[in-house]
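All values reported here derive from a predicted model rather than from experimental measurement.
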Amino acid sequence: MTDPRPATADRVIFTDRTTFDPLAATPAGAGWGWILGYGILSVVLGLAAFAWPFAATLAATLVIGGFFIAAGLVSITAGLVGKGHEGRGYAIGFGILSLVIGLVMAFEPVAGALSLMLMVAVWLGIRGVLEIALGARFRRGRGLMIALGIVNILLAIYVLATLPWAALTLPGFILGISFLLGGITSIVSALHHRTGAPAFAVAG
């Protein structure tokens, strides 16, 4: 049955009131300032790593050492506490090795950086040899694979020939490149996001 009473102001306000949907998408452009700030900070850190590569290398070595220490403690605890499985000895041994490496990197970062670059050089050399051997068996892309192997071997020789300078500066330069490129990407994305484009949009 229809209500014969005329619509009042209260009833109009009630019927015209819009509801808030907490699941609605965030408006395009929201938060672009935070993305821009992150990008600028990353660029500054990247430039600082280029200006002081030795300090950046030590900082990276300390961070990696912290991860090794954490992984070692967790693995040792899992081996001691865990029962009924055959991997206890492996877990404890792996944990002790990780803990020792982490402590060396934390308390002797220069020695840790040297060890890290030696491992990188060995890895590059072995990879280069394997790529050359594999490329020689290819029918297609043989030249490219062999060239890649040669480049990796040359990089390994360069690292070994420039020790200890490479060990104390090269990780800092790599860290600087990472921060710099990441910061530039964030700044460009923030400026696009400001105009209403989705941040870090992917092609559909």
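Tracing side-chain contacts under 4.5 Å through hydrophobic residues (I, L, V, M, F, W, Y), one reaches L191 starting from I184; they form part of the same cluster. Side-chain heavy atoms closer than 4.5 Å link hydrophobic residues (I, L, V, M, F, W, Y) into clusters, and following such links, possibly through other members, connects V188 to L47. I96 is connected to L73 through a chain of hydrophobic side-chain contacts under 4.5 Å among Ile, Leu, Val, Met, Phe, Trp and Tyr, so both are in one cluster. Under the 4.5 Å side-chain heavy-atom criterion for grouping Ile, Leu, Val, Met, Phe, Trp and Tyr, L144 is not connected to I150 through any hydrophobic cluster. The same ILVMFWY cluster, assembled from side-chain heavy atoms under 4.5 Å apart, contains both F179 and L41.
Rounded to the nearest 0.5 angstrom, Y158 OH and L124 CG are separated by 12.5 Å. The CG atom of L155 sits 10.0 Å away from the CZ atom of R127 when rounded to the nearest 0.5 Å. Atom-to-atom distance recorded for I64:CD1 and L62:CG is 9.5 Å, nearest 0.5 angstrom. With rounding to the nearest 0.5 Å, the separation of CD1 in I146 from CG in L134 is 9.5 Å. Atom CD1 of I40 and atom CD1 of I35 lie 12.0 Å apart (nearest 0.5 Å). How far OG1 of T185 is from CG of L180: 9.5 Å, rounded to the nearest 0.5 Å.
For the residue pair A91 and S75, the shortest heavy atom distance occurs at O-OG, 2.5 Å. In plain terms, the two heavy atoms of A156 and G125 that are nearest each other are CB-N, 3.6 Å. Nearest heavy-atom pair, P109 versus L58, reported as atom, atom and distance to 0.1 Å: CB-CD2, 3.7 Å. For the pair A49 and G176, the tightest heavy-atom approach, listed with the atom from each and the gap, is CB-CA, 3.5 Å. Taking all atoms of both residues into account, the shortest heavy-atom contact from F68 to G102 is CB-CA, 3.6 Å. Heavy-atom minimum distance, E131 versus M145: O-CG, 3.2 Å.
Looking at L118 and V159, their side chains never come closer than 4.5 Å, going by heavy atoms from C-beta outward.
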Derivation and outcome, side-chain contact (heavy atoms from CB on, under 4.5 Å), residues I126 and N152: CA-CA 9 Å; I126 294 176; N152 282 326; over 6 Å; no
Derivation of the side-chain contact (heavy atoms from CB on, under 4.5 Å) call for L154 and V151: CA-CA 5 Å; L154 291 177; V151 168; 5.5 Å; no
Trace of the side-chain contact (heavy atoms from CB on, under 4.5 Å) decision for F50 with I177: CA-CA 8 Å; F50 276 108; I177 292 173; 3.5 Å; yes
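Using a distance-only test at 3.5 Å, with no hydrogens or angles considered, a donor-acceptor pair links the side chain of T57 to the main chain of L168.
More than 12 heavy atoms of other residues, nucleotides or ligands sit less than 6.0 Å from atom CZ of F173.
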